[in-house]
Amino acid sequence: MLNEIVRHSIRFFVLVLVQGLILKNMDVAPYVNPFIYLLFLMQLPFDMPPWLVMIIAFITGFFVDVFYGTIGMHMAASTLIGFMRSRILKMLAPRDGYEFSAQPTVQDMGWSWFLTYAAIFILIHHFCLFYLEMFSFREFFSTFLRVVISGMSTMLLVVVTQFLFYRSKKAL
Amino acid sequence: MRNLLVFLVRNYLVLLFLLLEGLSMYFLVQHNVFQRAAAVSAANSFTGSIYETRSNFTAYLNLKDQNVMLNHQLAALLNRDRGSFIAFNTATTNVNDTVYRQRYQYLTAEVVDNSVTLRSNYIILDRGSKQGVAPDMGVIGASGIIGIVREVSDNFCVVMSVLHKDTKISASVKKDGTFGQLLWNGGDYRTADLIDLPTHSKIAQGDTLVTSGLGDAFPQGVLVGVVKNFEKKAGDKTYTVEVQLTTDFRKLKHVLLIKDLFREEIQQLKQRVNESDNNAK
């Protein structure tokens, strides 16, 4: 249990710092802004109570906002995804529920489950985030393009981290 | 009463969600109104030191470009230095200049934090009210305009970059003085749009654009960009110009803040006009 908390805390710090110090300053192409800190929220345990997930998401959003200088924006988007998470999990649950020791990772749940989960998760978050940033529907389609392209880049990073950090663990 | 409690307990999750979401929205709107005051205080205390450390590292990465830019700046300044001129007619030399009065004062600053990837980008500089920075001051670099100061704390200020959804800067075509509004439509940080340029302008590709001096923030003639393309959209009476910005917003390091010494006088004058307008109503 304690081990678990330490692991999640480390993931929190690493991902928030990577987000705030590296990805914020990365400019691959216009419209590409990945938000890898979502991976931390995605990988919280299945059996964590929804209210706790929401509060953690709220706090995570705050720290990202501090780095981005946009107090409120990531907070709002993360809180929304923290709220939706339990619903998404319920929707995607296998017929006899999640196994006791399973984690929301590729190795435990398989590629098709994980990709669906990540795609829904990222899309809801990015949608909320980019329209809040614009704060109007004035440039609806160009904002929508940002949602889709940034979402794909986040997805790519999430998948790559799954390859990097989780496949080797299975071999052990 | 009991029913209310039951309702609260049953829907605690939705209520908690509404509470947290409402709080976020409050912060978001509040910060739109007070223009990032919260972010400035955060830049001061929490992230300030982290940013400072990082910028110490990253400063090395583009030292070469910075040196070239500083060199250009130095050359430009030397060109204006008294030592670079000779007096043709000593009779007109006037030491106590009563004709020209200094209007703009320049203050150097360094970029502590910057972004180009968002729809609304801000820049944080290491100068604040203790060094004489005030909101609405213009910010320029060696190669052109950068933005306008929005919020000031003791030792830092937040600059609304040209790359911001609300930035509107009056810019004119250098050769004939016709002017329009400079906007940024998101996407590429190297290009912006100049709108409302009258069609009698003799604009051509490659023309230089400079600030018109009509706003509060910039003196006339600061470099803005180069005309990349222009068109008259069907139904419009004006040109829309695609502008190649001369400032490289990715490589900002040393910048200048512009203080208008007559700002207060102009503001007072405007206020008087507003008041007499209101009285007339």
Side-chain angles (χ1 to χ4, degrees), chain A residues 17 20-34 49-59 61-63 65-84 86-87 128-136 138-139 142-143 145-146 149-150 153, chain B residues 12-32 34 36-43 45-48 50-51 53-55 57-58 61 112-124 151 156 158 163 165-166 185-191 249-250:
Chain A
L17 285 179
L21 294 177
I22 301 175
L23 291 184
K24 184 195 162 199
N25 298 291
M26 213 173 71
D27 181 48
V28 190
Y31 295 136
V32 178
N33 317 116
W51 59 269
L52 189 57
V53 171
M54 211 148 75
I55 289 174
I56 290 178
F58 181 76
I59 294 169
F62 171 74
F63 278 100
D65 269 335
V66 167
F67 277 104
Y68 275 73
T70 53
I71 300 298
M73 224 165 72
H74 287 272
M75 273 157 96
S78 299
T79 310
L80 176 70
I81 199 62
F83 176 68
M84 297 297 279
S86 57
R87 273 134 230 265
C128 177
L129 182 72
F130 285 113
Y131 281 98
L132 272 184
E133 186 187 13
M134 224 18 235
F135 222 75
S136 81
R138 200 174 61 206
E139 295 170 13
S142 105
T143 311
L145 198 67
R146 285 170 74 93
I149 295 182
S150 295
S153 67
Chain B
Y12 80 100
L13 202 61
V14 178
L15 291 173
L16 183 67
F17 169 67
L18 289 178
L19 177 76
L20 293 180
E21 199 70 15
L23 205 61
S24 315
M25 288 297 175
Y26 173 76
F27 279 132
L28 189 68
V29 172
Q30 194 76 331
H31 119 105
N32 272 354
F34 290 115
R36 296 170 53 87
V40 175
S41 57
S45 50
F46 182 72
T47 46
I50 302 180
Y51 280 143
T53 318
R54 189 197 60 195
S55 111
F57 280 110
T58 51
L61 298 179
V112 195
D113 183 44
N114 179 23
S115 70
V116 298
T117 52
L118 309 177
R119 180 64 183 88
S120 297
N121 296 288
Y122 290 93
I123 301 162
I124 298 179
E151 194 64 35
F156 292 92
V158 172
L163 313 178
K165 72 177 158 89
D166 296 329
N185 281 330
D188 196 345
Y189 66 91
R190 282 161 293 209
T191 54
F249 283 89
R250 278 216 71 84

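The structure presented is a predicted model; accordingly, all values stated were derived computationally and were not measured. Numbers restart at 1 for each chain; the letters A, B, ... are given by sequence-line order, proteins then strands.
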Distance from [X] atom [atom1] to [Y] atom [atom2], nearest 0.5 Å?
X: A:Trp51; Y: B:Leu13; atom1: CH2; atom2: CG; answer: 11.0 Å
X: B:Leu19; Y: A:Ile55; atom1: CG; atom2: CD1; answer: 9.0 Å
X: A:Met75; Y: B:Leu23; atom1: CE; atom2: CG; answer: 5.5 Å
X: B:Leu16; Y: A:Met54; atom1: CG; atom2: CE; answer: 3.5 Å
X: A:Phe130; Y: B:Arg119; atom1: CZ; atom2: CZ; answer: 12.5 Å
X: B:Ser120; Y: A:Met73; atom1: OG; atom2: CE; answer: 8.0 Å

Which pair of non-hydrogen atoms, one from [X] and one from [Y], has the smallest distance, and what is that distance?
X: B:Gly187; Y: A:Pro30; answer: C-CB, 3.7 Å
X: B:Phe27; Y: A:Gly72; answer: CB-CA, 4.0 Å
X: A:Ala76; Y: B:Met25; answer: CB-CE, 4.3 Å

Fill in: Heavy-atom side-chain contact between B:Asp113 and A:Phe67 under 4.5 Å
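The answer is no, as the side chains (C-beta and beyond) never meet within the 4.5 Å cut-off.
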Item to complete: Taking the side chain as every heavy atom from C-beta outward, state whether B:Leu28 and A:Leu132 have any atom pair closer than 4.5 Å.
Response: yes
Practice prompt. Test side chain to side chain contact (heavy atoms under 4.5 Å, CB included) on B:Leu20 and A:Phe83 and set out the steps.
Written response: CA-CA 10 Å; B:Leu20 293 180; A:Phe83 176 68; over 6 Å; no
Worksheet item: Which is it for B:Thr117 and A:Met26 under the side chain to side chain contact (heavy atoms under 4.5 Å, CB included) test, yes or no, and what are the steps along the way?
Response: CA-CA 8 Å; B:Thr117 52; A:Met26 213 173 71; over 6 Å; no
Practice prompt. Using non-hydrogen atoms and a 4.5 Å limit, figure out which bit of B:Leu118 sits close to chain A: side chain, backbone, both or neither.
Written response: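 Contact with chain A: backbone and side chain both.
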Worksheet item: Where does B:Asn114 contact chain A at under 4.5 Å (heavy atoms): side chain, backbone, both or neither?
Response: backbone
Worksheet item: For A:Met134, is it the side chain, the backbone, both, or neither that has a heavy atom closer than 4.5 Å to a heavy atom of chain B?
Response: both
Item to complete: Taking atom OH of B:Tyr189 as the centre, report whether more than 12 heavy atoms of other residues, nucleotides or ligands fall under 6.0 Å from it.
Response: yes
